[in-house]
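Values below: every heavy atom of this structure, side chains too, minus hydrogens, waters and symmetry copies. Because the structure is predicted, anything quoted here is derived from the model rather than measured.
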Amino acid sequence: MRYKTPKIASIIEWSTLLLSTCLVCFFLLVVLWEIISKGASKLSWEFVFSVPTDGMTKGGVFTPVIGTVLLTMITALFSIPFGVSCAIYLNEYAENNWLTRTIRASIRNLSGVPSIIYGLFGLALFVQALQFGTSMLAAGLTLGLLSLPYIITTTEEALVRIPNSTREAALAIGATKFETIKDVVVPSAMPGILTGVVLTLSRAAGETAPILFTGAAFYINRSTGYLNEEFMALPYHLYMLSTQHQSIEEVRPIAYGTALVLVIVVFLMNLTAFYFRYKYRKNEN
């Protein structure tokens with residue numbers, strides 16, 4: 001009897017995990033089916049590469065797509081260098097004392113701050129204090145701040161997984177600490193770093209609240225690419241079509257088409273993360 005209890009507990013744990021996984025997958029499939037079934041009819045090359053017209057009741061999503069891509073690029077240029085550098089310092093150089101532990105705890109707490117708070121902070125700092133105005137630059141920097149805690153955390157976790165014996169072996173053959181980190185540690189941790197970075201950027205690409213205060217426009221009937229101007233983005237465009245448009249029922253098919261395009265963009269970014277992870281792991285082997 002003593003030997004049957006662990007087996008029963010294991011079966012219960014396995015069944016609970018399987019049930020939870022099935023429930024999550026079920027609701028995910030329901031959401032995807034709702035979006036695909038109602039948005040597939042609008043999806044076409046013309047829809048993707050045409051600008052909104054007639055107050056967004058006609059046309060496509062080319063302007064929001066361009067805005068989302070440029071916004072994600074600004075976010076990446078700001079958050080990746082600072083985030084990765086901060087993680088390398090915390091894991092490789094900083095001493096394990098109360099100050100370092102406080103910094104780590106603060107970074108993890110910042111990961112849980114609602115995105116709308118980042119939007120208000122970006123409004124106060126970039127739009128008003130630094131006088132960037134409501135622009136793509138202000139919105140990109142705001143999303144960069146939002147992404148920093150996630151990039152720092154995922155990068156540091158990737159660096160922690162590298163065994164100390166790898167560092168000691170490089171130091172033993174005469175490499176400096178900087179050379180060890182640059183040539184051995186970071187390349188070994190690159191799959192985890194890239195995965196965390198791309199997943200974070202894909203999350204930032206779908207954010208609405210931060211760009212709501214810092215530069216997203218309701219309607220622009222031309223393709224824009226200027227950093228100091230307002231812009232359209234897919235998540236904000238979808239929000240406006242679904243809740244604020246004067247003819248919600250008329251533009252509902254366009255809203256579903258926009259949602260499907262956004263899902264595809266995020267899916268492609270996530271697929272890129274898995275590709276880089278597979279590529280680096282294959283090179284290591």
* Quick one: which residue pairs count as a ring pair (Phe, Tyr, Trp, His ring centres under 6.0 Å) with a foot in residues 84-143, not counting sequence neighbours? => none

* Should S188 and R161 count as side-chain neighbours, where that means a heavy-atom distance under 4.5 Å? -> no

* With ILVMFWY side chains joined below 4.5 Å, transitively, what does L18's cluster contain besides itself? -> W14

* Has the side chain of E179 got a donor or acceptor atom that lies under 3.5 Å from a matching backbone atom of T176? -> yes

* Indicate the atoms forming the closest heavy-atom contact of I162 with A189, along with that distance. => CD1-N, 3.8 Å

* Salt bridge K177-E92, side-chain N to carboxylate O under 4.0 Å -> no

* Asked: Should I193 and T154 be marked as a side-chain contact (heavy atoms from CB on, under 4.5 Å) after you check the CA-CA gap, both sets of side-chain angles, and the distance that decides it?
  -> CA-CA 7 Å; I193 295 174; T154 55; over 6 Å; no

* Asked: Just checking, any donor-acceptor pair under 3.5 angstrom between side chains of N228 and S135?
  -> no

* **Nonpolar side-chain network containing V184, other nodes, edges under 4.5 Å** => none

* **Audit row: F47, V61, side-chain contact (heavy atoms from CB on, under 4.5 Å) steps and yes/no** => CA-CA 6 Å; F47 180 72; V61 292; 3.6 Å; yes

* To do: Using a 4.5 Å cut-off on heavy atoms from C-beta on, say whether the side chain of R203 contacts that of L146.
  => yes

* State whether the number of non-hydrogen atoms from other residues, nucleotides or ligands found under 6.0 Å of F218 atom CZ is greater than 12. => yes

* Shared ILVMFWY cluster between L43 and L268, side chains joined below 4.5 angstrom? -> yes

* Name all pairs fulfilling the side chain to side chain donor-acceptor pair (under 3.5 Å) condition that reach into residues 26-37, sequence neighbours left out, sorted by first residue then second. => E34-K38, E34-Y256

* **Separation of L227 CG from L137 CG (nearest 0.5 Å)** => 6.0 Å

* Would L145 and L199 show up in the same hydrophobic cluster when neighbours are defined by side-chain heavy atoms closer than 4.5 Å? -> no

* Structure fact -> Closest heavy-atom pair, A209 versus S115, reported as atoms and distance to 0.1 Å, is CB-OG, 3.7 Å

* Asked: Who pairs with F78 by ring-ring contact (aromatic ring centres under 6.0 Å, His included), at least two apart in sequence or on another chain?
  -> F82

* Side chain Y150, main chain S111, donor-acceptor under 3.5 Å -> yes

* Taking side chain as C-beta onward, heavy atoms only, is L262 less than 4.5 Å from T258? -> no

* Work out which heavy atom in T134 is nearest to a heavy atom in E230; give both atom names and the distance. => OG1-OE2, 3.1 Å

* Can you measure from CG (L29) to CZ (F27) and round to the nearest 0.5 angstrom? => 11.0 Å

* Asked: So, does S242 use its side chain to make a donor-acceptor pair with the main chain of Y239 at under 3.5 Å?
  -> no

* Asked: So, do T153 and I107 sit near enough that their side-chain heavy atoms are less than 4.5 Å apart?
  -> yes

* Asked: Hey, does T166 have a side-chain heavy atom less than 4.5 Å from the side chain of V185?
  -> no

* **Distance, nearest 0.5 Å, that separates CE of M190 from OG1 of T155** => 9.0 Å

* Asked: Going through the checks in order, is the side-chain contact (heavy atoms from CB on, under 4.5 Å) test met by I12 and T16?
  -> CA-CA 6 Å; I12 294 174; T16 303; 4.2 Å; yes

* To do: Following the transitive rule for hydrophobic clusters with a side-chain heavy-atom cut-off under 4.5 Å over Ile, Leu, Val, Met, Phe, Trp and Tyr, establish whether Y236 and I116 coincide in one cluster.
  => yes

* Structure fact -> Rounded to the nearest 0.5 Å, the OG atom of S79 sits from the CG atom of L148 at a distance of 6.0 Å

* To do: Decide yes or no for F231 and I211: does some side-chain heavy atom of the first lie under 4.5 Å from some side-chain heavy atom of the second?
  => yes

* Should E249 and R252 count as an ion pair when the cut-off is N to O under 4.0 Å? -> yes

* Asked: Is there a path from V24 to F267 through hydrophobic residues (I, L, V, M, F, W, Y) whose side chains come within less than 4.5 Å of each other?
  -> no

* Asked: Do M240 and I248 sit in the same hydrophobic cluster, where Ile, Leu, Val, Met, Phe, Trp and Tyr count as joined when their side-chain heavy atoms come under 4.5 Å apart?
  -> no

* Asked: Between the side chains of T100 and N97, does any donor sit under 3.5 Å from an acceptor?
  -> yes

* 4.5 Å side-chain heavy-atom contact, F62 and V48 -> no

* Structure fact -> For G140 and L71, the nearest pair of non-hydrogen atoms, with its separation, is N-CD1, 3.4 Å

* Could you tell me the separation between the CG atom of N270 and the OG1 atom of T195, rounded to the nearest 0.5 Å? => 10.0 Å

* Flag the pair L260 / I264 as yes when at least one side-chain heavy-atom distance between them is below 4.5 Å, and no otherwise. => yes

* Asked: To the nearest 0.5 Å, how far apart are CD1 in I88 and CD1 in I152?
  -> 11.5 Å

* Asked: Between P187 and K182, which heavy-atom pair has the shortest distance, and what is it?
  -> CD-O, 3.3 Å

* State, to 0.1 Å, how close T208 and P235 come at their nearest heavy-atom pair, and which atoms those are. => OG1-CB, 3.4 Å

* Heavy-atom neighbours of K58 NZ exceed 12 at 6.0 Å -> no

* Contacts of T72 that satisfy side-chain contact (heavy atoms from CB on, under 4.5 Å) - sequence neighbours left out -> T68, L201, A205, M269

* **Sidechain-backbone polar pair: T142 side chain, G119 backbone, donor-acceptor under 3.5 Å** => no

* Asked: Do side-chain atoms of N91 reach the backbone of A87 as a donor and acceptor pair under 3.5 angstrom?
  -> no

